[in-house]
2 protein chains.
Amino acid sequence: MNEIDILIYLGKQGAFSSPLPVTTSRIGKALGESQQNISRWLLKMEKEDLIYRNMGIKGYLVQITPNGEKTLQKLKNDIELALAKKGKIKIRGELVTGMGDGQYYMRLKKYSDQIKKKFGFKPYAGTFNIKLTDMKEIRQKEKIIASKGIEIPGFREGNRVFGALKCFHCTLEGGKCALVIPERSHHSFDIMEIVAPEFLRDKLKIKDGNAVKIEVDLNENL
Amino acid sequence: MNEIDILIYLGKQGAFSSPLPVTTSRIGKALGESQQNISRWLLKMEKEDLIYRNMGIKGYLVQITPNGEKTLQKLKNDIELALAKKGKIKIRGELVTGMGDGQYYMRLKKYSDQIKKKFGFKPYAGTFNIKLTDMKEIRQKEKIIASKGIEIPGFREGNRVFGALKCFHCTLEGGKCALVIPERSHHSFDIMEIVAPEFLRDKLKIKDGNAVKIEVDLNENL
DNA sequence: ATTACTAGCGCACGAGTAA
DNA sequence: TTTACTCGTGCGCTAGTAA
(Lines give C-alpha, C1' and ligand atoms only; values in the text may rest on other atoms or scores of the structure.)
Protein backbone atom coordinates (compact mmCIF):
# COMPACT_ATOMS: atom_id res chain seq x y z
CA MET A 1 0.00 0.00 0.00
CA ASN A 2 1.30 3.43 -0.90
CA GLU A 3 0.19 6.68 -2.48
CA ILE A 4 0.70 5.28 -5.98
CA ASP A 5 -2.05 2.71 -5.47
CA ILE A 6 -4.44 5.45 -4.43
CA LEU A 7 -3.43 7.75 -7.30
CA ILE A 8 -4.02 4.92 -9.77
CA TYR A 9 -7.41 4.19 -8.27
CA LEU A 10 -8.44 7.85 -8.35
CA GLY A 11 -7.05 8.30 -11.84
CA LYS A 12 -8.98 5.33 -13.21
CA GLN A 13 -12.12 6.89 -11.79
CA GLY A 14 -11.33 10.09 -13.70
CA ALA A 15 -10.12 12.33 -10.88
CA PHE A 16 -7.71 14.24 -13.13
CA SER A 17 -10.01 16.77 -14.74
CA SER A 18 -12.83 16.98 -12.25
CA PRO A 19 -13.46 16.39 -8.55
CA LEU A 20 -14.44 12.81 -7.89
CA PRO A 21 -16.94 12.01 -5.16
CA VAL A 22 -15.49 9.18 -3.08
CA THR A 23 -15.57 7.89 0.44
CA THR A 24 -12.68 6.46 2.36
CA SER A 25 -14.50 3.18 2.84
CA ARG A 26 -15.17 2.79 -0.88
CA ILE A 27 -11.52 3.30 -1.74
CA GLY A 28 -10.57 0.97 1.08
CA LYS A 29 -12.86 -1.74 -0.20
CA ALA A 30 -11.52 -1.42 -3.74
CA LEU A 31 -7.90 -1.61 -2.57
CA GLY A 32 -8.38 -4.14 0.20
CA GLU A 33 -7.52 -1.70 2.97
CA SER A 34 -9.35 -0.42 6.01
CA GLN A 35 -11.34 2.78 5.95
CA GLN A 36 -9.07 4.22 8.65
CA ASN A 37 -5.96 3.51 6.67
CA ILE A 38 -7.29 5.25 3.55
CA SER A 39 -8.31 8.20 5.70
CA ARG A 40 -4.75 8.55 6.96
CA TRP A 41 -3.29 8.19 3.49
CA LEU A 42 -5.57 10.83 1.97
CA LEU A 43 -4.62 13.20 4.78
CA LYS A 44 -0.97 12.59 4.07
CA MET A 45 -1.36 12.90 0.31
CA GLU A 46 -3.14 16.19 0.76
CA LYS A 47 -0.17 17.51 2.74
CA GLU A 48 2.19 16.25 0.06
CA ASP A 49 0.19 18.11 -2.61
CA LEU A 50 -0.77 14.96 -4.47
CA ILE A 51 -4.51 15.54 -4.16
CA TYR A 52 -7.03 18.30 -3.37
CA ARG A 53 -10.13 17.64 -1.31
CA ASN A 54 -13.40 19.39 -0.64
CA MET A 55 -16.07 18.17 1.70
CA GLY A 56 -19.12 16.91 -0.17
CA ILE A 57 -22.48 15.83 1.20
CA LYS A 58 -21.49 12.23 1.67
CA GLY A 59 -17.76 11.86 1.54
CA TYR A 60 -15.17 14.04 -0.12
CA LEU A 61 -14.66 15.40 -3.60
CA VAL A 62 -11.14 14.40 -4.47
CA GLN A 63 -9.04 15.58 -7.37
CA ILE A 64 -5.48 14.75 -8.41
CA THR A 65 -3.14 17.77 -8.40
CA PRO A 66 -0.68 18.48 -11.23
CA ASN A 67 1.97 17.27 -8.82
CA GLY A 68 0.09 14.02 -8.32
CA GLU A 69 -0.15 13.53 -12.05
CA LYS A 70 3.57 14.23 -12.40
CA THR A 71 4.29 11.58 -9.80
CA LEU A 72 2.43 8.97 -11.84
CA GLN A 73 4.09 10.08 -15.07
CA LYS A 74 7.53 9.87 -13.52
CA LEU A 75 7.00 6.35 -12.23
CA LYS A 76 5.65 5.22 -15.58
CA ASN A 77 8.69 6.72 -17.22
CA ASP A 78 11.10 4.98 -14.89
CA ILE A 79 9.44 1.63 -15.49
CA GLU A 80 9.60 2.20 -19.24
CA LEU A 81 13.30 3.02 -19.03
CA ALA A 82 13.86 -0.19 -17.10
CA LEU A 83 11.77 -2.37 -19.43
CA ALA A 84 13.58 -0.88 -22.43
CA LYS A 85 16.68 -2.76 -21.27
CA LYS A 86 14.92 -6.07 -21.77
CA GLY A 87 16.57 -8.25 -24.40
CA LYS A 88 19.84 -6.36 -24.11
CA ILE A 89 23.07 -7.91 -22.94
CA LYS A 90 26.10 -6.04 -21.68
CA ILE A 91 29.56 -7.39 -22.31
CA ARG A 92 32.93 -6.03 -21.28
CA GLY A 93 36.14 -6.78 -23.06
CA GLU A 94 39.41 -5.40 -24.25
CA LEU A 95 40.24 -4.02 -27.67
CA VAL A 96 42.77 -6.09 -29.64
CA THR A 97 43.90 -6.03 -33.28
CA GLY A 98 44.71 -8.53 -35.96
CA MET A 99 42.41 -11.26 -34.81
CA GLY A 100 39.18 -12.58 -36.28
CA ASP A 101 38.23 -12.75 -39.93
CA GLY A 102 35.55 -10.07 -39.81
CA GLN A 103 37.90 -7.41 -41.09
CA TYR A 104 38.56 -9.55 -44.15
CA TYR A 105 34.87 -10.13 -44.70
CA MET A 106 33.97 -6.47 -44.45
CA ARG A 107 36.14 -5.68 -47.45
CA LEU A 108 33.85 -7.91 -49.54
CA LYS A 109 31.09 -5.94 -51.21
CA LYS A 110 28.49 -8.69 -50.84
CA TYR A 111 28.83 -8.57 -47.09
CA SER A 112 29.19 -4.83 -46.63
CA ASP A 113 26.20 -4.13 -48.88
CA GLN A 114 24.08 -6.34 -46.63
CA ILE A 115 25.28 -4.48 -43.53
CA LYS A 116 24.38 -1.21 -45.21
CA LYS A 117 20.94 -2.59 -46.01
CA LYS A 118 20.17 -4.16 -42.64
CA PHE A 119 21.95 -1.80 -40.27
CA GLY A 120 21.74 1.41 -42.22
CA PHE A 121 25.43 2.26 -42.36
CA LYS A 122 28.42 1.49 -44.56
CA PRO A 123 30.87 -0.48 -42.43
CA TYR A 124 34.44 0.57 -42.01
CA ALA A 125 36.62 -1.96 -43.84
CA GLY A 126 37.95 -3.40 -40.63
CA THR A 127 36.46 -4.54 -37.36
CA PHE A 128 36.83 -3.73 -33.72
CA ASN A 129 38.02 -6.96 -32.15
CA ILE A 130 37.06 -7.32 -28.54
CA LYS A 131 38.77 -9.92 -26.40
CA LEU A 132 36.64 -11.39 -23.64
CA THR A 133 39.01 -11.85 -20.74
CA ASP A 134 36.56 -13.32 -18.28
CA MET A 135 34.64 -16.59 -18.27
CA LYS A 136 31.53 -14.65 -17.29
CA GLU A 137 31.72 -12.60 -20.49
CA ILE A 138 32.16 -15.72 -22.62
CA ARG A 139 28.99 -17.12 -21.09
CA GLN A 140 27.27 -13.92 -22.17
CA LYS A 141 28.50 -14.45 -25.69
CA GLU A 142 27.01 -17.94 -25.64
CA LYS A 143 23.67 -16.42 -24.75
CA ILE A 144 23.95 -14.11 -27.72
CA ILE A 145 24.85 -16.94 -30.10
CA ALA A 146 21.80 -18.86 -28.88
CA SER A 147 19.60 -15.99 -30.10
CA LYS A 148 18.29 -15.69 -33.60
CA GLY A 149 19.86 -12.37 -34.58
CA ILE A 150 19.93 -10.91 -38.06
CA GLU A 151 21.20 -13.29 -40.70
CA ILE A 152 23.42 -12.19 -43.54
CA PRO A 153 23.50 -15.01 -46.08
CA GLY A 154 26.70 -16.55 -47.40
CA PHE A 155 27.67 -16.78 -51.07
CA ARG A 156 30.26 -18.34 -53.32
CA GLU A 157 32.79 -16.54 -55.45
CA GLY A 158 34.50 -18.84 -57.94
CA ASN A 159 35.70 -21.79 -55.93
CA ARG A 160 35.53 -20.12 -52.54
CA VAL A 161 32.54 -20.39 -50.25
CA PHE A 162 31.81 -17.51 -47.86
CA GLY A 163 29.66 -18.50 -44.92
CA ALA A 164 26.63 -16.80 -43.45
CA LEU A 165 26.97 -14.22 -40.67
CA LYS A 166 24.78 -13.82 -37.61
CA CYS A 167 24.56 -10.16 -36.66
CA PHE A 168 23.10 -8.04 -33.85
CA HIS A 169 22.46 -4.39 -33.26
CA CYS A 170 24.81 -3.21 -30.55
CA THR A 171 26.42 -0.14 -29.07
CA LEU A 172 30.14 0.15 -28.44
CA GLU A 173 30.78 2.74 -25.76
CA GLY A 174 27.39 4.19 -26.67
CA GLY A 175 27.91 4.35 -30.44
CA LYS A 176 25.68 2.28 -32.74
CA CYS A 177 27.50 -0.65 -34.33
CA ALA A 178 26.85 -4.19 -35.51
CA LEU A 179 28.11 -7.34 -33.84
CA VAL A 180 29.15 -9.87 -36.47
CA ILE A 181 29.51 -13.59 -35.72
CA PRO A 182 30.52 -15.95 -38.55
CA GLU A 183 28.18 -18.93 -38.35
CA ARG A 184 30.77 -21.59 -39.14
CA SER A 185 34.23 -20.79 -37.82
CA HIS A 186 33.78 -21.07 -34.11
CA HIS A 187 37.45 -20.86 -33.32
CA SER A 188 38.46 -17.91 -31.17
CA PHE A 189 35.46 -18.06 -28.89
CA ASP A 190 36.84 -15.26 -26.78
CA ILE A 191 36.79 -12.71 -29.61
CA MET A 192 33.81 -10.59 -30.59
CA GLU A 193 33.93 -8.71 -33.86
CA ILE A 194 32.17 -5.44 -34.20
CA VAL A 195 31.80 -3.35 -37.33
CA ALA A 196 31.32 0.37 -36.96
CA PRO A 197 30.26 3.14 -39.32
CA GLU A 198 33.32 4.90 -40.64
CA PHE A 199 32.80 8.12 -38.73
CA LEU A 200 32.54 6.25 -35.43
CA ARG A 201 36.00 4.86 -35.90
CA ASP A 202 37.34 8.39 -35.55
CA LYS A 203 34.97 9.52 -32.85
CA LEU A 204 35.62 6.71 -30.39
CA LYS A 205 39.18 7.35 -29.40
CA ILE A 206 39.97 3.86 -28.18
CA LYS A 207 43.24 2.03 -28.59
CA ASP A 208 44.52 -1.51 -28.25
CA GLY A 209 44.25 -2.77 -24.73
CA ASN A 210 41.48 -0.38 -23.74
CA ALA A 211 38.61 -1.84 -21.75
CA VAL A 212 35.32 -1.34 -23.59
CA LYS A 213 31.65 -1.88 -22.87
CA ILE A 214 29.24 -3.30 -25.45
CA GLU A 215 25.47 -3.54 -25.23
CA VAL A 216 24.02 -6.14 -27.59
CA ASP A 217 20.37 -6.00 -28.62
CA LEU A 218 18.92 -9.48 -29.03
CA ASN A 219 15.88 -8.17 -30.89
CA GLU A 220 15.92 -8.35 -34.66
CA ASN A 221 14.03 -5.13 -35.30
CA LEU A 222 15.83 -2.02 -34.25
CA MET B 1 10.79 2.19 -0.60
CA ASN B 2 9.35 -1.02 -1.96
CA GLU B 3 10.18 -3.86 -4.31
CA ILE B 4 9.23 -1.76 -7.34
CA ASP B 5 12.05 0.69 -6.67
CA ILE B 6 14.53 -2.15 -6.55
CA LEU B 7 13.12 -3.81 -9.68
CA ILE B 8 13.40 -0.52 -11.55
CA TYR B 9 16.98 -0.06 -10.39
CA LEU B 10 17.95 -3.60 -11.37
CA GLY B 11 16.10 -3.33 -14.67
CA LYS B 12 17.85 -0.10 -15.63
CA GLN B 13 21.16 -1.87 -15.01
CA GLY B 14 20.10 -4.61 -17.42
CA ALA B 15 19.24 -7.41 -15.00
CA PHE B 16 16.54 -8.84 -17.28
CA SER B 17 18.58 -10.93 -19.69
CA SER B 18 21.71 -11.62 -17.67
CA PRO B 19 22.83 -11.80 -14.06
CA LEU B 20 23.92 -8.42 -12.78
CA PRO B 21 26.76 -8.16 -10.28
CA VAL B 22 25.63 -5.89 -7.48
CA THR B 23 26.20 -5.35 -3.80
CA THR B 24 23.59 -4.43 -1.25
CA SER B 25 25.49 -1.29 -0.33
CA ARG B 26 25.67 -0.12 -3.95
CA ILE B 27 21.93 -0.50 -4.40
CA GLY B 28 21.38 1.17 -1.04
CA LYS B 29 23.52 4.12 -2.02
CA ALA B 30 21.71 4.53 -5.35
CA LEU B 31 18.29 4.41 -3.72
CA GLY B 32 19.16 6.31 -0.55
CA GLU B 33 18.63 3.32 1.73
CA SER B 34 20.83 1.47 4.16
CA GLN B 35 22.77 -1.62 3.17
CA GLN B 36 20.85 -3.65 5.76
CA ASN B 37 17.53 -2.58 4.39
CA ILE B 38 18.40 -3.61 0.83
CA SER B 39 19.66 -6.92 2.18
CA ARG B 40 16.28 -7.60 3.75
CA TRP B 41 14.38 -6.55 0.65
CA LEU B 42 16.43 -8.77 -1.64
CA LEU B 43 15.85 -11.68 0.71
CA LYS B 44 12.13 -11.01 0.61
CA MET B 45 12.03 -10.51 -3.15
CA GLU B 46 13.81 -13.81 -3.63
CA LYS B 47 11.13 -15.56 -1.59
CA GLU B 48 8.44 -13.80 -3.62
CA ASP B 49 10.06 -15.00 -6.86
CA LEU B 50 10.79 -11.51 -8.12
CA ILE B 51 14.54 -12.08 -8.44
CA TYR B 52 17.11 -14.90 -8.60
CA ARG B 53 20.45 -14.62 -6.86
CA ASN B 54 23.78 -16.41 -7.02
CA MET B 55 26.75 -15.65 -4.84
CA GLY B 56 29.54 -13.97 -6.79
CA ILE B 57 33.04 -13.11 -5.66
CA LYS B 58 32.16 -9.71 -4.31
CA GLY B 59 28.43 -9.41 -3.86
CA TYR B 60 25.64 -11.26 -5.59
CA LEU B 61 24.68 -11.86 -9.19
CA VAL B 62 21.06 -10.78 -9.36
CA GLN B 63 18.60 -11.35 -12.16
CA ILE B 64 14.94 -10.38 -12.51
CA THR B 65 12.60 -13.37 -12.84
CA PRO B 66 9.77 -13.53 -15.42
CA ASN B 67 7.47 -12.90 -12.49
CA GLY B 68 9.44 -9.79 -11.53
CA GLU B 69 9.19 -8.52 -15.08
CA LYS B 70 5.45 -9.19 -15.07
CA THR B 71 5.10 -7.17 -11.89
CA LEU B 72 6.71 -4.15 -13.55
CA GLN B 73 4.60 -4.57 -16.69
CA LYS B 74 1.39 -4.75 -14.68
CA LEU B 75 2.15 -1.59 -12.75
CA LYS B 76 3.04 0.26 -15.95
CA ASN B 77 -0.21 -0.91 -17.44
CA ASP B 78 -2.26 0.27 -14.49
CA ILE B 79 -0.64 3.69 -14.57
CA GLU B 80 -1.31 3.94 -18.30
CA LEU B 81 -4.95 3.05 -17.77
CA ALA B 82 -5.21 5.78 -15.15
CA LEU B 83 -3.40 8.41 -17.22
CA ALA B 84 -5.61 7.58 -20.20
CA LYS B 85 -8.49 9.15 -18.26
CA LYS B 86 -6.74 12.50 -18.27
CA GLY B 87 -8.65 15.21 -20.10
CA LYS B 88 -11.90 13.31 -19.82
CA ILE B 89 -14.91 14.55 -17.92
CA LYS B 90 -17.81 12.44 -16.73
CA ILE B 91 -21.28 13.87 -16.59
CA ARG B 92 -24.53 12.31 -15.46
CA GLY B 93 -27.94 13.42 -16.60
CA GLU B 94 -31.34 12.34 -17.63
CA LEU B 95 -32.63 11.75 -21.14
CA VAL B 96 -35.32 14.20 -22.26
CA THR B 97 -36.91 14.96 -25.65
CA GLY B 98 -38.02 17.97 -27.56
CA MET B 99 -35.47 20.39 -26.15
CA GLY B 100 -32.43 22.00 -27.71
CA ASP B 101 -31.93 23.02 -31.29
CA GLY B 102 -29.34 20.38 -32.13
CA GLN B 103 -31.86 18.07 -33.64
CA TYR B 104 -32.85 20.79 -36.03
CA TYR B 105 -29.23 21.50 -36.92
CA MET B 106 -28.43 17.89 -37.61
CA ARG B 107 -30.97 17.79 -40.40
CA LEU B 108 -28.93 20.44 -42.22
CA LYS B 109 -26.45 18.88 -44.61
CA LYS B 110 -23.75 21.49 -44.00
CA TYR B 111 -23.60 20.54 -40.35
CA SER B 112 -24.01 16.80 -40.69
CA ASP B 113 -21.35 16.62 -43.41
CA GLN B 114 -18.94 18.29 -41.01
CA ILE B 115 -19.76 15.78 -38.29
CA LYS B 116 -19.16 12.95 -40.73
CA LYS B 117 -15.82 14.51 -41.66
CA LYS B 118 -14.60 15.30 -38.15
CA PHE B 119 -16.11 12.45 -36.15
CA GLY B 120 -16.24 9.75 -38.77
CA PHE B 121 -19.92 8.94 -38.61
CA LYS B 122 -23.14 10.18 -40.18
CA PRO B 123 -25.26 11.60 -37.38
CA TYR B 124 -28.78 10.47 -36.75
CA ALA B 125 -31.10 13.34 -37.69
CA GLY B 126 -31.97 14.03 -34.08
CA THR B 127 -30.04 14.43 -30.87
CA PHE B 128 -30.00 12.83 -27.49
CA ASN B 129 -30.92 15.61 -25.10
CA ILE B 130 -29.49 15.16 -21.66
CA LYS B 131 -30.85 17.22 -18.80
CA LEU B 132 -28.35 18.03 -16.08
CA THR B 133 -30.33 17.82 -12.86
CA ASP B 134 -27.57 18.70 -10.47
CA MET B 135 -25.59 21.91 -9.98
CA LYS B 136 -22.42 19.81 -9.87
CA GLU B 137 -23.08 18.55 -13.38
CA ILE B 138 -23.68 22.05 -14.68
CA ARG B 139 -20.32 23.08 -13.32
CA GLN B 140 -18.83 20.21 -15.28
CA LYS B 141 -20.49 21.52 -18.42
CA GLU B 142 -18.91 24.91 -17.80
CA LYS B 143 -15.53 23.25 -17.69
CA ILE B 144 -16.24 21.65 -21.05
CA ILE B 145 -17.36 24.93 -22.58
CA ALA B 146 -14.15 26.54 -21.38
CA SER B 147 -12.18 24.02 -23.47
CA LYS B 148 -11.31 24.52 -27.09
CA GLY B 149 -13.06 21.51 -28.57
CA ILE B 150 -13.62 20.85 -32.25
CA GLU B 151 -15.13 23.76 -34.12
CA ILE B 152 -17.71 23.31 -36.82
CA PRO B 153 -18.06 26.64 -38.64
CA GLY B 154 -21.35 28.40 -39.17
CA PHE B 155 -22.77 29.44 -42.53
CA ARG B 156 -25.59 31.42 -44.03
CA GLU B 157 -28.38 30.14 -46.18
CA GLY B 158 -30.35 32.90 -47.84
CA ASN B 159 -31.21 35.31 -45.08
CA ARG B 160 -30.63 32.93 -42.20
CA VAL B 161 -27.39 32.72 -40.34
CA PHE B 162 -26.44 29.41 -38.76
CA GLY B 163 -23.92 29.73 -35.96
CA ALA B 164 -20.77 27.76 -35.29
CA LEU B 165 -20.83 24.64 -33.12
CA LYS B 166 -18.30 23.57 -30.54
CA CYS B 167 -18.06 19.80 -30.48
CA PHE B 168 -16.30 17.12 -28.42
CA HIS B 169 -15.68 13.42 -28.73
CA CYS B 170 -17.71 11.65 -26.09
CA THR B 171 -19.19 8.34 -25.12
CA LEU B 172 -22.81 7.88 -24.10
CA GLU B 173 -23.18 4.76 -21.99
CA GLY B 174 -19.98 3.55 -23.61
CA GLY B 175 -20.95 4.23 -27.24
CA LYS B 176 -18.99 6.78 -29.28
CA CYS B 177 -20.92 9.98 -29.95
CA ALA B 178 -20.33 13.70 -30.39
CA LEU B 179 -21.28 16.39 -27.92
CA VAL B 180 -22.57 19.45 -29.76
CA ILE B 181 -22.73 22.89 -28.17
CA PRO B 182 -24.05 25.83 -30.23
CA GLU B 183 -21.63 28.70 -29.69
CA ARG B 184 -24.24 31.42 -29.52
CA SER B 185 -27.51 30.35 -27.98
CA HIS B 186 -26.55 29.81 -24.39
CA HIS B 187 -30.08 29.44 -23.21
CA SER B 188 -30.92 26.09 -21.63
CA PHE B 189 -27.67 25.72 -19.79
CA ASP B 190 -28.85 22.52 -18.23
CA ILE B 191 -29.23 20.67 -21.52
CA MET B 192 -26.46 18.82 -23.33
CA GLU B 193 -27.03 17.72 -26.88
CA ILE B 194 -25.40 14.61 -28.18
CA VAL B 195 -25.47 13.28 -31.70
CA ALA B 196 -25.05 9.57 -32.24
CA PRO B 197 -24.37 7.41 -35.27
CA GLU B 198 -27.60 5.94 -36.54
CA PHE B 199 -26.92 2.37 -35.42
CA LEU B 200 -26.20 3.47 -31.88
CA ARG B 201 -29.65 4.93 -31.59
CA ASP B 202 -31.04 1.41 -31.87
CA LYS B 203 -28.39 -0.28 -29.79
CA LEU B 204 -28.65 1.92 -26.71
CA LYS B 205 -32.07 1.09 -25.45
CA ILE B 206 -32.59 4.20 -23.39
CA LYS B 207 -35.86 6.06 -22.97
CA ASP B 208 -37.00 9.42 -21.70
CA GLY B 209 -36.27 9.88 -18.05
CA ASN B 210 -33.46 7.32 -17.97
CA ALA B 211 -30.32 8.31 -16.10
CA VAL B 212 -27.30 8.23 -18.42
CA LYS B 213 -23.55 8.60 -18.07
CA ILE B 214 -21.46 10.59 -20.56
CA GLU B 215 -17.69 10.80 -20.78
CA VAL B 216 -16.49 13.86 -22.67
CA ASP B 217 -13.01 13.97 -24.16
CA LEU B 218 -11.52 17.47 -23.98
CA ASN B 219 -8.77 16.61 -26.45
CA GLU B 220 -9.27 17.62 -30.07
CA ASN B 221 -7.57 14.63 -31.63
CA LEU B 222 -9.32 11.35 -31.05
C1' DA C 1 35.67 -6.05 1.45
C1' DT C 2 30.97 -8.71 1.51
C1' DT C 3 25.80 -10.44 3.66
C1' DA C 4 22.64 -10.59 7.12
C1' DC C 5 21.64 -11.25 12.07
C1' DT C 6 19.91 -8.74 16.45
C1' DA C 7 18.22 -4.86 19.06
C1' DG C 8 15.68 -0.76 19.45
C1' DC C 9 12.75 2.60 17.66
C1' DG C 10 9.12 4.52 15.03
C1' DC C 11 5.79 4.35 11.47
C1' DA C 12 1.77 1.82 9.40
C1' DC C 13 -1.90 -0.98 10.31
C1' DG C 14 -6.86 -2.41 11.96
C1' DA C 15 -10.33 -1.99 15.74
C1' DG C 16 -12.99 0.80 18.36
C1' DT C 17 -15.26 4.97 18.66
C1' DA C 18 -16.29 10.18 18.81
C1' DA C 19 -18.22 13.84 16.27
C1' DT D 1 -24.16 7.44 7.03
C1' DT D 2 -19.62 10.04 6.94
C1' DT D 3 -14.17 11.27 8.66
C1' DA D 4 -10.58 10.70 11.60
C1' DC D 5 -9.11 10.31 16.40
C1' DT D 6 -6.74 6.99 19.93
C1' DC D 7 -4.76 2.75 21.10
C1' DG D 8 -2.23 -1.52 20.77
C1' DT D 9 0.32 -4.58 17.68
C1' DG D 10 3.59 -5.58 14.38
C1' DC D 11 6.36 -4.51 10.40
C1' DG D 12 10.20 -1.69 8.40
C1' DC D 13 13.87 1.01 9.36
C1' DT D 14 18.93 2.00 11.02
C1' DA D 15 22.98 0.93 13.81
C1' DG D 16 25.93 -2.34 15.51
C1' DT D 17 28.14 -6.45 14.65
C1' DA D 18 29.03 -11.51 13.48
C1' DA D 19 30.56 -14.44 9.96
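The basis for the numbers below is simple: all heavy atoms, side chains too, and nothing from hydrogens, waters or symmetry mates. Here is how names work: the chains are called A, B, and so on, in the same order as the sequence lines, proteins then strands, and each is numbered from 1.
Residues B:L132 and B:R92 approach most closely at CD2-O, 3.8 Å, considering heavy atoms. Nearest heavy-atom pair across B:A30 and B:Y9 is CB-CE1, 3.4 Å.
In this structure A:M55 satisfies the side-chain contact (heavy atoms from CB on, under 4.5 Å) test together with A:Y60, sequence neighbours excluded. In this structure, the side chain to side chain donor-acceptor pair (under 3.5 Å) partners of B:E215, at least two apart in sequence or on a different chain, are B:K85. The side chain to side chain donor-acceptor pair (under 3.5 Å) check on A:E80 picks up nothing, with sequence neighbours excluded. Applying the salt bridge (Lys or Arg N to Asp or Glu O under 4.0 Å) test to B:D5 and every residue at least two apart in sequence or in another chain returns nothing. Residues satisfying the side chain to side chain donor-acceptor pair (under 3.5 Å) criterion with A:K12, sequence neighbours excluded, are B:D78. Applying the ring pair (Phe, Tyr, Trp, His ring centres under 6.0 Å) test to B:F119 and every residue at least two apart in sequence or in another chain returns B:H169. Residues that satisfy the side chain to side chain donor-acceptor pair (under 3.5 Å) test with A:K203, not counting sequence neighbours, are absent from this structure.
Base engagement by A:S39 is indicated by at least one non-hydrogen atom pair under 4.0 Å involving a base atom. Among the atoms of the strands shown, none is found under 4.0 Å from any heavy atom of A:L42.
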- Task: Using a 4.0 Å cut-off on protein heavy atoms (strictly under), produce a 5'-to-3' string for nucleotides 12-19 of chain C with B for base contact, S for backbone-only sugar-phosphate contact, and - for none.
- Result: SBBBB---
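If one axis is set at each end of the helix from C:dT2-D:dA19 to C:dA19-D:dT2 from five pairs, those axes are 30° apart, to 10°.
Of all nucleotides listed (D:dA4, C:dT2, C:dA4), C:dT2 comes nearest to the side chain of B:S25.
We find that NZ of B:K47 is positioned 12 Å from P of D:dC11, with the value rounded to whole Å. Between B:E3 atom CD and D:dG12 atom C1' the separation is 12 Å, expressed in whole Å. Counting to the nearest Å, the P atom of D:dC13 and the CG atom of B:D5 are 10 Å from each other. Across the protein-nucleic acid pair, B:I27 atom CD1 and C:dT2 atom C1' stand 13 Å apart, rounded to whole Å. The distance between atom NZ of B:K29 and atom C1' of C:dA1, rounded to the nearest whole Å, is 14 Å. In this entry the distance linking CZ of A:R26 with P of D:dT2 reads 8 Å, nearest Å. For the pair A:L61 CG and D:dT3 C1', the computed distance is 14 Å after rounding to whole Å.
For the pair A:T24 and D:dT3, the criterion of a side-chain N or O lying under 4.0 Å from OP1 or OP2 is met. Between B:R53 and the phosphate of C:dT2, there is no side-chain N or O to OP1/OP2 separation shorter than 4.0 Å.
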